[in-house]
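Quick note: numbers below take in every heavy atom, side chains included, and nothing from hydrogens, waters or symmetry partners. What you see is a predicted model, and the numbers here were worked out from it, not measured in a lab.
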Amino acid sequence: MARRYDCNEATDRVTGLREAASAVRRGELVVLPTDTVYGIGADAFSGESVADLLAAKGRGRNMPTPVLIGSPNTLHGLVTDFSEQAWELVDAFWPGALTLVARHQPSLQWDLGDTRGTVAIRMPLHPVAIELLTEVGPMAVSSANLTGHPSPEDCDAAQQMLGDSVSVYLDGGPTPGIVPSSIVDVTGEIPVLLREGALSPEELRKVVPDLEVAS
């Protein structure tokens, strides 16, 4: 039976975050609020847990799961060949609605799907998410919806879709909006905007003027 905690109530928030962290360490799935939409998350380093996440969503390995982190410093242990421009994007827009596609360290023991050596990574601007990520480390997190259904803006919508496939639901109230993060590929010499979301090309070019937009 899934447990749900109201993170707008102080005592429930403390209990919920503790229970969510324990669930992640046991290899179970949790739902958490972010600054875009609600996400379903698992331990990024547990291949079995990530497979459970994909199964809960009805999603294939051809759509790898992004990773959320609680601090930019965590990047040092996760990515390689991270350019100066990539760091400038981090400094300007993290925490926030910017996902960066980077090359991950070859030594990492994780299986996020068919990533071809890359990882989509982000630090969300949401206190509940950051607190959980700080406690448990990097999490594989995807929008908390069944594939083909709208991304949930509140915990009710997520729970109606995912039910008892998730152990713990952290209810942070409605999210600020359903606009997804912008995705920028920083694996090459020139950053490439793969998906325009909360951040426009014009905003991004204030930091990286040579940004290209994928056709």
Side-chain angles (χ1 to χ4, degrees), residues 32-45 50 63-144 151 172 175-215:
L32 63 155
T34 77
D35 49 340
T36 54
V37 297
Y38 272 77
I40 177 174
D43 179 356
F45 297 101
V50 175
M63 297 179 70
T65 306
V67 170
L68 295 188
I69 59 176
S71 167
N73 291 333
T74 307
L75 281 170
H76 293 289
L78 300 181
V79 300
T80 186
D81 300 327
F82 207 65
S83 67
E84 188 62 38
Q85 286 183 312
W87 282 113
E88 289 170 355
L89 288 168
V90 167
D91 290 342
F93 299 112
W94 279 17
L98 174 65
T99 297
L100 297 176
V101 176
R103 299 193 186 284
H104 69 69
Q105 294 280 1
S107 59
L108 288 179
Q109 298 298 308
W110 64 12
D111 183 3
L112 303 168
D114 297 331
T115 65
R116 298 179 179 84
T118 66
V119 59
I121 198 161
R122 184 168 88 88
M123 179 183 176
L125 181 58
H126 196 289
V128 173
I130 288 177
E131 195 166 339
L132 179 60
L133 293 162
T134 300
E135 178 66 26
V136 302
M139 290 179 63
V141 179
S142 182
S143 55
S151 298
T175 60
I178 59 170
V179 181
S181 65
S182 295
I183 301 177
V184 175
D185 184 338
V186 294
T187 60
E189 290 186 12
I190 298 174
V192 178
L193 179 62
L194 302 180
R195 179 183 77 187
E196 181 177 351
L199 296 168
S200 68
E202 291 73 28
E203 290 175 283
L204 294 164
R205 285 188 177 122
K206 290 176 184 177
V207 178
V208 284
D210 58 348
L211 176 87
E212 294 182 353
V213 177
S215 54

_Minimum heavy-atom distance Val186-Leu100, with the two atoms named_ = CG1-CD2, 4.0 Å
*Could you tell me which residues satisfy salt bridge (Lys or Arg N to Asp or Glu O under 4.0 Å) with Glu196, sequence neighbours excluded, listed by chain and number?*
none
_Smallest separation among heavy atoms of Gly77 and Leu108, with atom names_ = O-CD2, 3.8 Å
*asked:* So, taking the atom named CG in Leu68 and the one named CG in Leu133, what distance separates them when rounded to the nearest 0.5 Å?
replied: 5.5 Å
*asked:* With a 4.5 Å cut-off on side-chain heavy atoms, are Asp210 and Pro191 touching?
replied: yes
*Flag side-chain contact, heavy atom, 4.5 Å: Ile69 against Ile121*: yes
*At what distance, to the nearest 0.5 angstrom, does CG of Leu193 lie from CG of Leu98?*
9.0 Å
*Within the side chain of Thr175, is there an N or O that forms a donor-acceptor pair under 3.5 Å with the backbone of Thr36?*
yes
_In the structure I gave you, are the side-chain heavy atoms of Val184 and Phe93 within less than 4.5 Å of one another anywhere?_
no
*Side chains of Ile130 and Thr134: does their closest heavy-atom pair fall under 4.5 Å?*
yes
_Taking every non-hydrogen atom, the tightest pair across Met123 and Ser71_ = SD-CA, 3.9 Å
*Roughly how far, to the nearest 0.5 Å, is CG of Leu32 from CE of Met139?*
5.5 Å
*For Pro138 and Thr74, work out which heavy atoms get closest and say how close.*
CG-CG2, 3.9 Å
*Less than 4.5 Å apart, any side-chain heavy atom of Val213 and any of Arg205?*
yes
*Grab the two heavy atoms, one from Pro124 and one from Ala129, that are nearest each other, plus how far apart they are.*
CG-CB, 3.9 Å
_Would you compute the distance between atom CZ of Phe45 and atom CG of Leu112 and round it to the nearest 0.5 angstrom?_
8.5 Å
*Could you check if a side-chain atom of Asp35 sits within less than 4.5 angstrom of a side-chain atom of Arg122, using non-hydrogen atoms only?*
yes
*Any side-chain donor-acceptor pair under 3.5 Å between Ser181 and Thr99?*
yes
*Count the heavy atoms belonging to other residues, nucleotides or ligands that lie under 6.0 Å from CZ of Arg103, then report whether that count exceeds 12.*
no
*Hey, is the main chain of Leu78 close enough, under 3.5 Å, to the side chain of Gln105 for a donor-acceptor pair?*
no
*Quick one: closest heavy-atom pair of Arg195 and Pro180, and the distance?*
NH2-CB, 3.4 Å
_If I take atom CG from residue Leu89 and atom CD from residue Glu84, how far apart are they, to the nearest 0.5 angstrom?_
10.5 Å
*What is the ring orientation for Trp110 with His104, classed by angle as parallel under 30°, tilted 30 to 60°, or perpendicular over 60°?*
perpendicular
